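Right, one structure below, let's go through it.
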There are 4 protein chains.
Amino acid sequence: MTIAMARPEALRSDAQRNRTALLDVARTFVDRGEPALLNAVAHEAGVGVGTAYRHFPSQQHLLEALAIDALEDMLDQVRDAVVLPDAADALRGVVTAAFRSMVDDAALGDLLTNGGFSCADTAALAGDLVVSVDALLARGRTEGIVRTDIDADDLRRLLCGLREAAVAGGTRVSDPERYVEILLAGLRPTNRPTP
Amino acid sequence: MTIAMARPEALRSDAQRNRTALLDVARTFVDRGEPALLNAVAHEAGVGVGTAYRHFPSQQHLLEALAIDALEDMLDQVRDAVVLPDAADALRGVVTAAFRSMVDDAALGDLLTNGGFSCADTAALAGDLVVSVDALLARGRTEGIVRTDIDADDLRRLLCGLREAAVAGGTRVSDPERYVEILLAGLRPTNRPTP
Amino acid sequence: MTIAMARPEALRSDAQRNRTALLDVARTFVDRGEPALLNAVAHEAGVGVGTAYRHFPSQQHLLEALAIDALEDMLDQVRDAVVLPDAADALRGVVTAAFRSMVDDAALGDLLTNGGFSCADTAALAGDLVVSVDALLARGRTEGIVRTDIDADDLRRLLCGLREAAVAGGTRVSDPERYVEILLAGLRPTNRPTP
Amino acid sequence: MTIAMARPEALRSDAQRNRTALLDVARTFVDRGEPALLNAVAHEAGVGVGTAYRHFPSQQHLLEALAIDALEDMLDQVRDAVVLPDAADALRGVVTAAFRSMVDDAALGDLLTNGGFSCADTAALAGDLVVSVDALLARGRTEGIVRTDIDADDLRRLLCGLREAAVAGGTRVSDPERYVEILLAGLRPTNRPTP
DNA sequence: CATGAATGAGAGTTCATTCAT
DNA sequence: TATGAATGAACTCTCATTCAT
């Protein structure tokens, strides 16, 4: 029994073709806000259900495969941000980018909201993300630019909640950037004006 | 065809008994985070399915019946707040109380999050709520204690998102009050310190 | 236990009022081609379901109550026809009138089509109708103006079928009278021209 | 979305086995005059409900699958009849055969009576049938052996009505052929004896 | 007698997952 | 390895009839 991977080893070329087709179709589903039912995705991709299940044992696996690149980008961004000269800029950059990604990519948003990773690689990525975000927050706390009672999981929750606020009910709010500003302002330590 | 009401006229005593039993059971479902399936609720309440459907034509009606009291309390609170001497206190009180209610009562939280009212009385209540919240925000804007780019629907969305943040995944975050503080701080006009 | 009657004895005035209201509403249902569900009829008549069931123990009883006058008219017409001077005119008159009644009155048409009387009086009426129609046909056979292999039940079936033909699918055929002409022509003995 | 077909492409052997089993059971239902409920048919065929729904998305589809062969036979017969030397023989043959088929095969009878085709192939067949029957009637009119006010839809209605007359109430009338003779005689132009 | 709440079997349908081909 | 047919539990909803009030 192999551990599931959202990003698999090298595949035979036909398998790779199927996998890509499935992901492409699944993407259209989540972009429309519809659940990526394996059967429906398989059918629309012109592939047997069994094949779909071989590649993605559950909807969750499919979701993680859809989101893993974005998750990795997010990790890179946080790691870059940790070493930025200005801590406030770093945090602002990370929060803004994360929010945008989650609003634009329902797969990523859903994944971070619901958790419960099924693939070893996405789970590991998520773990690394927590570590890096904690580092970022630690620095922010040290420099006094962020509340001291917030950890990485709080930030994840707040971002997921904010994304819900922005896209809930299938309608995207106008100018979602306002919501990031609100979060960023709210994250600063109390009684401390914007620099 | 009578228009559905979440809070019906006086009921015959047996009907009232069943209705209460259904609502009690439904409450345990939503409190556990489970969907209040009409059949399951009916069965557990020791009542025929048909009876459940007579009282609540759909899960949505059931949800609204579960939430209407809390919704009304919320409206009262907002109306009281509008005439409070201090606008900042008023807003803080409303946001705090609303957040607590939604976190404690999943029915209320789900209702405000998903919208789509089926009962005339809950829909009316929700409409009144928007009016009152807009009044509250207008006053806040006038007095310069709240961002000018936020309306009642934004506040609803933000509160629903914050509640998601606090209770998502079936686990309630520790000390949810922190999240309200974040939101309240974020709602203040930029570059303006807490008084 | 009383035997059911489509046309009951004298009723208390309030009972009579309810009965009439139920029948009036039921008539609108069958005229629209909808089944006269006891619950729906009762509700629309502003009467309790129990009351509806007291007056009409089943949809069938309701149907018979709706049709009994027309059935009686039909019987009168046949009895009158039997003693008419011209047998061909008599048959033509009966067939034409019966067809028209059944096309115009879905309750009557359905009753004669499905049989299975639940009320003693409608059943008796139907029995009398068979007797009279057989007399009419006997005379017709004697005078050589009608096929010899047709009895009253055949004629009922043929008329019901013809009505189905005319109104099937909720769409009434244009000029239904053509269909009566076809039946009348078909009923004449073979090889015998219209006089 | 594939368009439904009453007669599918080549099936995998297991699918073919199930399909046949379902159709066999469904046949017994309609022959008993009972509605072919998908669930009941599936159960009696020893097959999951889902399988029944895969093969036949609705009762209507099932009905059309049951009737398509007979419908095709009927079309062949009409097309053959159109080119027969004697127009009267042609019409007689078609009417007689159609009536027999509908009386013997409740699926066919119900299909033609209720219309509302769900499968592309049966709908096409029905359309072709109208065309061919109209051709047959046109020739009959030209040769003066059929009433001029009857078109293909009238003939369909009359045949469906006649079949109702013959089999209504679950009891089949004795010697149904008499009814065809009546219809055939009735279809001839008025005042014109049988040749 | 009137009322209308309650009943519950059953119809119709969907979908995640398995497994024969 | 790919295919797609099969599965059946689960769910929503209806309606004819009964019975407590």
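These values consider heavy atoms only, across backbone and side chains, with no hydrogens, waters or symmetry-generated copies. It should be emphasised that the depicted structure is a prediction, and the values quoted were computed from it without experimental measurement. Throughout, a chain's letter reflects where its sequence line sits, starting with A, and its residues are numbered from 1.
- Within the structure, salt bridge (Lys or Arg N to Asp or Glu O under 4.0 Å) contacts touching residues 21-39 of chain B (residues at least two apart or in different chains) are B:Arg27-B:Asp105, B:Arg32-B:Glu34.
- For the pair A:Ala42 and A:Ala52, the tightest heavy-atom approach, listed with the atom from each and the gap, is CB-CB, 3.7 Å.
- Applying the salt bridge (Lys or Arg N to Asp or Glu O under 4.0 Å) test to every pair with at least one member in residues 42-57 of chain B, sequence neighbours left out, gives no pairs at all.
- For the segment residues 51-59 of chain B, residues with any heavy atom less than 4.0 angstrom from an atom of DNA chain F are, sorted by number, B:Tyr53, B:Gln59.
- In terms of heavy-atom proximity, D:Ala6 sits nearest to D:Arg19 at O-NH2, 2.8 Å.
- The 5' end of DNA chain F is approached more closely, in terms of each residue's nearest nucleotide, by D:Arg19 than by the other of D:Arg19 and B:Ala40.
- At the heavy-atom level, D:Asn39 lies under 4.0 Å from base atoms of the strands shown.
- Counting only distance, with no hydrogens or angles, the side chain of A:Thr51 and the backbone of A:Val47 share no donor-acceptor pair below 3.5 Å.
- Going from atom OH of C:Tyr53 over to atom CG of C:Leu22 covers 12.0 Å, rounded to the nearest 0.5 Å.
- Residue C:Ala15 is classed as a sugar-phosphate contact, given heavy-atom separations below 4.0 Å to backbone atoms only.
- Considering CD of C:Gln16 and OG1 of C:Thr20, their distance stands at 4.0 Å, rounded to 0.5 Å.
- Scanning all heavy atoms of the two residues, the minimum distance from D:Val30 to D:Ala36 falls at CG1-CB, 4.2 Å.
- Helical stems of DNA chain E (runs of at least 3 Watson-Crick or G-U pairs, donor-acceptor distances under 3.5 Å) are listed by first residue: E:2-21 with F:2-21.
- Going from atom NE2 of B:His43 over to atom P of F:dA10 covers 13 Å, rounded to whole Å.
- With both ends at atom P, the span from E:dC1 to F:dT21 equals 22 Å, rounded to whole Å.
- Rounded to whole Å, the distance from CD on A:Gln16 to P on F:dA2 is 12 Å.
- For the atom pair CD (C:Glu164) and OG1 (D:Thr113), the distance works out to 7.5 Å, reported to the nearest 0.5 Å.
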For a quick test of your reading: what N or O donor-acceptor pairs under 3.5 Å do the side chains of residues 55-70 of chain B make, sequence neighbours left out?
residue : atom : partner  : partner atom : Å
B:Ser58 : OG   : B:Gln60  : N            : 3.2
B:Ser58 : OG   : B:His61  : N            : 3.3
B:Ser58 : OG   : B:His61  : ND1          : 2.8
B:Gln60 : NE2  : B:Glu64  : OE2          : 2.8
B:Gln60 : NE2  : B:Gly116 : O            : 3.3
B:His61 : ND1  : B:Ser58  : N            : 3.4
B:Glu64 : OE1  : B:Ser118 : N            : 3.3
B:Glu64 : OE1  : B:Cys119 : N            : 2.8
B:Glu64 : OE1  : B:Thr122 : OG1          : 2.3
B:Glu64 : OE2  : B:Ser118 : N            : 2.5
B:Asp69 : OD1  : B:Arg7   : NH2          : 2.9

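- Counting 5' to 3', DNA chain E first comes under 4.0 angstrom of a heavy atom of chain C and last does so at the ends given by E:dC1 to E:dA5.
- Residue A:Asn18 is the one, among A:Asn18 and C:Leu37, whose nearest nucleotide of DNA chain F lies closer to the 5' end (criterion: closest heavy atom).
- Comparing A:Leu38 and C:Gly46 by the nucleotide of DNA chain E that holds the closest heavy atom to each, the one mapping nearer the 5' end is C:Gly46.
- If you find the closest nucleotide of DNA chain E to C:Gly48 and to D:Arg17, the one lying nearer the 5' end belongs to C:Gly48.
- Between D:Arg17 atom CZ and D:Ser13 atom OG the span is 5.5 Å, to the nearest 0.5 Å.
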